[in-house]
Amino acid sequence: MAYWLFKSEPDVFSLEDLKKSKNQTTFWDGVRNYQARNFLRDTMKNGDGVLFYHSNSEPLAIVGACEVVKEGYPDFTAWEKGHDHFDPASTPDKPVWYMVDIKLKSVFNKPVTLAALKAEPRLAGMQLLKRGNRLSVMPVTKEEWDVIMEMST
DNA sequence: GCCAACGTTGGC
DNA sequence: GCCAACGTTGGC
């Protein structure tokens with residue numbers, strides 16, 4: 001079992017949106033970065049934990065936890081003409097981009113803000129905090145996961 | 001295969 | 001709204 005962090009701009013898709021989704025489950029479409037794609041396609045397994053992070057908003061924070069409920073499969077929004085995530089390089093025969101399904105597990109009582117993450121010495125190595133980090137899907141260690149869970153209650 | 005130009009991300 | 005950091009593109 002592995003752990004991950006997904007970024008989302010709440011103006012586009014927030015944890016509240018996930019909460020309101022059918023079965024509180026959604027497909028994580030729109031990842032158009034190869035490194036993140038590889039995580040989605042090759043590494044993520046059912047039951048993996050996912051931290052849900054709100055970027056580009058106030059407050060910047062991890063706001064909840066989810067679980068992978070469907071492993072990597074082609075992101076079909078890539079071949080929907082006119083879709084925001086359309087990419088002519090990807091086709092049903094030769095998909096380039098992949099996604100997983102995640103299901104809401106918990107909405108944090110206390111969102112763990114970016115400032116709080118930075119202030120926690122045990123999280124000094126977190127990839128999210130590294131300078132210039134722009135990955136929207138990234139791994140989290142079990143230790144980091146546990147600390148964040150503790151901070152969220 | 002190099003690298004400059006460009007577009008995007010995302011915190012501030 | 002700014003701008004640093006980074007990935008991608010495309011000319012050579």
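We name chains A, B, ... by the order of the sequence lines, and we start the count at 1 in each one. Side chains are part of it too, since the values below use all heavy atoms of this structure and drop only hydrogens, waters and symmetry mates.
Partners of E9(A) under the side chain to side chain contact (heavy atoms under 4.5 Å, CB included) rule, at least two apart in sequence or in another chain, are V12(A), S55(A), N56(A). Applying the ring pair (Phe, Tyr, Trp, His ring centres under 6.0 Å) criterion to W28(A), with sequence neighbours excluded, gives F6(A), F52(A). Partners of Q127(A) under the side-chain hydrogen bond (donor to acceptor under 3.5 Å, both in side chains) rule, at least two apart in sequence or in another chain, do not exist in this structure. Applying the side chain to side chain contact (heavy atoms under 4.5 Å, CB included) test to R37(A) and every residue at least two apart in sequence or in another chain returns Y34(A), R41(A), V96(A), W97(A), Y98(A). F39(A) meets the ring pair (Phe, Tyr, Trp, His ring centres under 6.0 Å) test with W4(A); sequence neighbours excluded. Applying the salt bridge (charged side-chain N to carboxylate O under 4.0 Å, His left out) test to R122(A) and every residue at least two apart in sequence or in another chain returns E120(A), E150(A). Qualifying side-chain hydrogen bond (donor to acceptor under 3.5 Å, both in side chains) partners for K45(A), counting only residues two or more places apart in sequence or in other chains: none. For K142(A), the side chain to side chain contact (heavy atoms under 4.5 Å, CB included) partners at least two apart in sequence or on another chain are Y3(A), D146(A).
For DNA chain C, the contact window with chain A, defined by any atom under 4.0 Å from a protein heavy atom, covers dA5(C) to dT8(C) in 5' to 3' order.
Remark: nothing in residues 95-102 of chain A comes within less than 4.0 Å of DNA chain B through any heavy atom. Within a heavy-atom distance below 4.0 Å of DNA chain C, the residues of residues 125-135 of chain A found are R131(A), G132(A), R134(A).
Here the side chain of D75(A) pairs a donor or acceptor atom with the backbone of G30(A) at under 3.5 angstrom.
By the 4.5 Å side-chain criterion applied to Ile, Leu, Val, Met, Phe, Trp and Tyr, F76(A) is assigned to a cluster that also includes F27(A), Y73(A), W79(A), M99(A).
When each of Y34(A) and N56(A) is assigned the nucleotide of DNA chain C with its nearest heavy atom, N56(A) is the one assigned upstream, toward the 5' end.
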